[in-house]
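So the structure is just underneath, and the comments pick up after that.
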Amino acid sequence: MAEQKPWSREEFEQKLREKERFYHLHHPFHVLMNRGELNQQQVQGWVANRFYYQTSIPIKDAAILANCPRRSVRRHWVQRILDHDGYGEDVGGIEAWFQLGEAVGLAREELESQQHVLPGVRFAIDAYVNFARRATWQEAACSSLTELFAPSLHQQRLDNWPRYYPWIKAEGYHYFRKRLNEARRDVQHGLEITLDYFQNRAQQERALGILQFKLDVLWTMLDAMWMAYIENRPPYHMEV
């Protein structure tokens with residue numbers, strides 16, 4: 001069979017952006033949450049499980065740096081670690097997530113202990129980190145492109161949550177405000193790496209598969225939370 005013609009740069013970018021329909025924004029758990037239809041315990045469950053993802057992001061990004069021989073890329077990508085771990089006067093995104101946890105009624109110790117992290121959530125996130133460790137740095141960078149779709153989700157939370165969840169303290173929203181600009185900046189760099197590296201059609205299809213893998217990770221996390229907090233069937237519920 002003749003090799004398929006690669007998509008143009010514009011077509012390839014559009015194919016990547018079309019993956020938005022699989023973004024976890026559309027998961028029923030997120031739909032309920034963004035309509036104000038979760039109770040406090042369900043919101044707390046999401047915050048506690050998502051905290052494990054937040055703490056894994058700089059580990060994932062450190063793996064990308066470790067595999068990347070290009071100083072120019074490392075100088076840019078390292079900002080992602082600083083954004084989450086903090087640097088200088090900026091306490092970082094993980095600290096901002098602690099503030100969110102406290103704003104929804106979770107003690108800092110509860111988040112740090114990871115006692116509420118569901119096995120399915122942990123398994124999905126660990127799979128993502130392990131992928132970043134083993135993949136090429138360009139492939140791992142491509143997996144970050146779910147950030148294409150993140151700003152609208154953060155904005156929805158900022159717009160809707162104060163109305164729907166008035167019991168959440170205002171200081172809890174710092175993380176979402178912080179990520180609005182950071183995500184837009186980060187995605188431009190990740191998109192440029194992907195468009196530059198994945199040149200032929202087979203590579204472009206590979207990139208779409210990598211992005212779908214990351215979308216699957218995010219969706220699977222919410223599947224586990226749906227079972228535990230909506231269906232009231234946490235892991236091993238039959239044995240309780």
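Note that the structure is predicted; figures quoted are calculated from it, not measured.
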Could you measure the distance from the [atom1] atom of [X] to the [atom2] atom of [Y]? Nearest 0.5 Å is fine.
X     : Y     : atom1 : atom2 : result
Asp83 : Ile57 : CG    : CD1   : 10.5 Å
Phe51 : Ile94 : CZ    : CD1   : 6.5 Å
Gln54 : His84 : CD    : NE2   : 5.0 Å

So does [Y] get a backbone contact from the side chain of [X], meaning a donor-acceptor N/O pair under 3.5 Å?
X      : Y      : value
Asn200 : Pro6   : no
Glu171 : Gln99  : no
Gln42  : Tyr229 : yes
Thr220 : Val217 : no
His26  : Tyr23  : no
His30  : His24  : yes
Trp97  : Val47  : yes
Asn49  : Leu118 : yes
Gln203 : Gln199 : yes
Gln156 : Asn34  : no

Would you say that more than 12 heavy atoms from the other residues, nucleotides or ligands in this model lie under 6.0 Å from the [atom1] of [X], or not?
X      : atom1 : result
Arg75  : CZ    : no
Arg9   : CZ    : yes
Glu231 : CD    : yes

Is there a path of hydrophobic side-chain contacts, each under 4.5 Å between heavy atoms of I, L, V, M, F, W or Y residues, that connects [X] with [Y]?
X      : Y      : value
Phe22  : Tyr53  : yes
Leu145 : Tyr128 : yes
Val187 : Phe12  : yes
Trp219 : Leu16  : no

Could you verify whether a donor N or O on one side chain and an acceptor N or O on the other, from [X] and [Y], lie under 3.5 Å apart?
X      : Y      : value
Arg185 : Gln79  : no
Tyr164 : Asp159 : no
His27  : Asp223 : yes
Glu95  : Tyr175 : no
Gln212 : Lys19  : yes
Tyr52  : Asp126 : yes

Look at [X] together with [Y] and state whether they make a salt bridge at an N to O cut-off of under 4.0 Å.
X      : Y      : result
Arg108 : Glu102 : yes
Lys178 : Glu182 : yes
Arg179 : Glu147 : yes
Arg35  : Glu37  : yes
Glu139 : Arg206 : yes
Glu13  : Arg17  : yes

If you take all heavy atoms of [X] and [Y], which pair is closest and at what distance?
X      : Y      : answer
Ala141 : Ile193 : CB-CG2, 4.1 Å
Gln44  : Leu106 : O-CD1, 3.5 Å
Pro235 : Pro119 : CG-CD, 3.4 Å
Arg157 : Pro162 : O-CD, 3.6 Å
Ala140 : Ala135 : N-CB, 4.3 Å

>> Distance to the ring centre below 6.0 angstrom and angle to the axis at most 45 degrees; does that hold for Arg74 and Trp77?
In response: no
> Would you call the rings of Trp46 and Trp161 parallel, tilted or perpendicular, where under 30° means parallel and over 60° means perpendicular?
Replying inline: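 Perpendicular.
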>> Parallel, tilted or perpendicular, judged at 30° and 60°: which one describes the rings of Phe29 and Trp226?
In response: perpendicular
> Can Asn67 and Thr136 be said to form a side-chain contact (heavy atoms from CB on, under 4.5 Å), step by step?
Replying inline: CA-CA 7 Å; Asn67 290 332; Thr136 67; over 6 Å; no
